[in-house]
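Working notes, structure below.
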Number of protein chains: 2
Amino acid sequence: MPFLLLKDLPRYECLLEAANDFPELDPSAAEAYLHLLHTGDEVFGVSDRSLAGHNISHGRFGVLMLLWRGVQPRAAKLLGADACTPGPRTPAELADACKVTRATMTGLIDTLERDGYVKREPDPVDRRMMSVLLTPKGVEFLTEFLPGHFKVISALMSPLSEAERKTLVHLLGKIQQQASRLHPKHEAVPAATV
Amino acid sequence: MPFLLLKDLPRYECLLEAANDFPELDPSAAEAYLHLLHTGDEVFGVSDRSLAGHNISHGRFGVLMLLWRGVQPRAAKLLGADACTPGPRTPAELADACKVTRATMTGLIDTLERDGYVKREPDPVDRRMMSVLLTPKGVEFLTEFLPGHFKVISALMSPLSEAERKTLVHLLGKIQQQASRLHPKHEAVPAATV
DNA sequence: GGCTGAAAGTTAGCCCCCTAACGATATTTG
DNA sequence: CAAATATCGTTAGGGGGCTAACTTTCAGCC
């Protein structure tokens, strides 16, 4: 919930006027950009508060959700994954799935383990690796927390009709695609090796 | 850019299927929610990288923008403010405008001052207060950075038509309103004092 | 069989965010 | 006027991100 910009967003007319002084400024683009970040922040905040009551952060929540597949195969569906393929186990896999560095994942697992939600176990065959497992307390948290969380999400989106939700997802998809085009993760390997 | 959830979003069909196991889950709401956070994160990341090249974070950027009004009244328009009213000056005002705590603002000003973008001056009349001022280096950063930043924003939103941008802002507005309804900042004072 | 290199996880150090508690100063009030 | 209260900015300590460097272990190649 802490991430950004200003409390009060400029109105479109202000941006329009400002564009006189800043030729590179596209008022409607800036308006959409600011609203996207602002609303995202607000929604993130609501969801965060819902988690914070249980002393869980979004990062920790992601880890627990991913690990849940190990004990509840039906959870795989929630994550958009094939129920047959095994879920992530090692810190490296978890870091990848959560889009965090391995160093950050070490920290997350540290506190989750300290708080009893998770347990580390050494891999019997490759001694470099660890397996991370959900404890009963971790499972209990998820089963108690998720229904309420789903209700919060449902409430958040309740002002939008089904059609509006589809439209929103569609528009966000376009932006998302453009955003990932603007920062190629692997810098577009030239593919000219032979 | 670091804030959330999973790398791969579940597809709608998966959520639909998952709703069989979780009666509280509203698939279209969850889909919209996940896309909103994911896209917001992605867009935030692009913008963040654009700032990071200058060793500036979003928090620091917000402070610089707010202080800019002190030297460039035309900047007020960008912030949606009346050009006549003076901009924020003290750490407390800046913290309020940036939606961060005063403690956080102390930290931001500390590093901005250390890097030479900003200067603290004691208030001559109220000795509890400080005034924060932009240095020439701070002004230089903004004038050099903003045009490129505007271009990035423009590029991000380029896949959307004017009509689509309006629609997006409208839909986000509904969600934003609902979100602030779900976490009343001041817990809805009953207003029954007399 | 013994180097070399890659991979897993961790550590150390920094940034930005938070809450809580604090000294210093103003203001209100008895 | 003096005491209580409020406000300003800061400090202390913690969480969760990051990068860079390190240790341990495995795999490949003379």
Side-chain angles (χ1 to χ4, degrees), chain A residues 1-5 7 41 44-45 48-49 51-64 88-115 117-132 183, chain B residues 1-5 7 41 44-45 47-49 51-64 88-96 98-115 117-132 183:
Chain A
M1 83 182 162
F3 102 59
L4 154 75
L5 242 47
K7 189 175 60 175
D41 190 35
F44 181 74
D48 207 47
R49 249 177 305 278
L51 279 156
H54 299 72
N55 204 27
I56 291 287
S57 70
H58 260 85
R60 303 175 82 186
F61 178 62
V63 175
L64 295 180
R89 287 278 175 214
T90 70
E93 287 166 356
L94 290 167
D96 181 57
C98 287
K99 289 193 300 185
V100 211
T101 63
R102 282 176 300 162
T104 297
M105 188 50 64
T106 295
L108 286 174
I109 297 171
D110 279 349
T111 70
L112 282 172
E113 189 168 29
R114 179 202 60 193
D115 295 349
Y117 292 104
V118 132
K119 199 156 50 82
R120 266 186 256 240
E121 277 187 1
D123 186 298
V125 15
D126 189 333
R127 276 186 292 177
R128 291 172 302 181
M129 295 215 239
M130 305 290 289
S131 272
V132 185
H183 75 103
Chain B
M1 82 184 162
F3 103 59
L4 150 78
L5 243 47
K7 188 175 61 172
D41 190 34
F44 181 74
S47 158
D48 207 46
R49 248 178 305 278
L51 280 157
H54 298 72
N55 205 25
I56 292 287
S57 70
H58 259 85
R60 303 175 81 187
F61 179 61
V63 175
L64 295 180
R89 288 276 175 216
T90 71
E93 287 166 355
L94 290 167
D96 181 56
C98 288
K99 288 191 302 185
V100 288
T101 63
R102 283 177 299 162
T104 296
M105 188 50 63
T106 295
L108 286 174
I109 296 171
D110 279 349
T111 71
L112 281 171
E113 190 167 28
R114 180 202 59 193
D115 295 348
Y117 293 103
V118 132
K119 199 157 49 83
R120 265 185 257 239
E121 276 186 3
D123 186 299
V125 14
D126 188 333
R127 276 187 292 178
R128 290 171 302 179
M129 295 215 239
M130 304 291 288
S131 273
V132 185
H183 74 105

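Please read these numbers as outputs of a predicted model, since none were measured by experiment.
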| message | For a quick check of understanding: with a heavy-atom distance under 4.0 Å over all strands, which category does Asp126(B) fall into, base, sugar-phosphate or nothing? | response | sugar-phosphate
Closest of dG9(D), dC18(C), dC18(D) to the Thr104(B) side chain is dC18(C)
The answer to which of Thr111(B) and Arg120(A) contacts DNA chain C further toward the 5' end, by nearest nucleotide, is Arg120(A)
note: His58(B), atom NE2; dG17(D), atom P; distance rounded to Å ~ 18 Å
From CG of Asp123(B) across to C1' of dA26(C) the rounded distance in Å is 12 Å
To the nearest 0.5 Å, atom CG of Asp110(A) lies from atom CZ of Arg120(A) at 4.5 Å
To the nearest angstrom, the CG-P distance between Asp110(B) and dC14(C) comes to 15 Å
The residue, Thr101(A) or Thr106(B), whose nearest nucleotide of DNA chain D is more 5′ is Thr106(B)
Does Arg114(B) have a side-chain nitrogen or oxygen under 4.0 Å from the phosphate oxygens OP1 or OP2 of dC15(C)? yes
For Val132(B), answer base if it contacts any base atom (sugar-phosphate contacts may also be present), sugar-phosphate if it contacts only those atoms, and nothing otherwise; contact means non-hydrogen atoms under 4.0 Å. nothing
DNA chain D nearest-nucleotide lookup for Ser57(A) and Pro91(B): closer to the 5′ end is Pro91(B)
Do Leu94(A) and Val100(A) have side-chain heavy atoms sitting under 4.5 Å apart? no
query: Between the base of dT25(D) and the side chain of Arg127(A), is there any donor-acceptor pair under 3.5 Å?
result: no
Phe44(A) CZ to dG16(D) P, in whole Å, measures 11 Å
Met129(B) atom CE is separated from dT7(D) atom P, nearest whole Å, by 12 Å
Should Lys99(A) and Asp41(B) be marked as a side-chain contact (heavy atoms from CB on, under 4.5 Å) after you check the CA-CA gap, both sets of side-chain angles, and the distance that decides it?
CA-CA 11 Å; Lys99(A) 289 193 300 185; Asp41(B) 190 34; 3.6 Å; yes
Whole-Å distance, Glu121(B) CD to dC8(D) C1', equals 17 Å
Of the candidates dA24(C), dC18(D), dG16(D), the side chain of Arg128(B) sits closest to dA24(C)
Of the candidates dT19(C), dC8(D), dT10(C), the side chain of Ala103(B) sits closest to dT19(C)
**Prompt:** Under 4.0 Å between a side-chain N/O of Thr90(A) and OP1 or OP2 of dA8(C), yes or no?
**Reply:** no
So do Asp115(B) and Arg60(B) actually touch side chain to side chain, heavy atoms under 4.5 Å? yes
Here the distance between atom P of dG15(D) and atom CG of Leu51(A), to the nearest Å, is 17 Å
Only one of Met129(B), Met130(B), Arg102(B) passes side-chain contact (heavy atoms from CB on, under 4.5 Å) with Pro91(B), and that residue is Met130(B)
Whole-Å distance, Arg102(A) CZ to dT11(C) C1', equals 13 Å
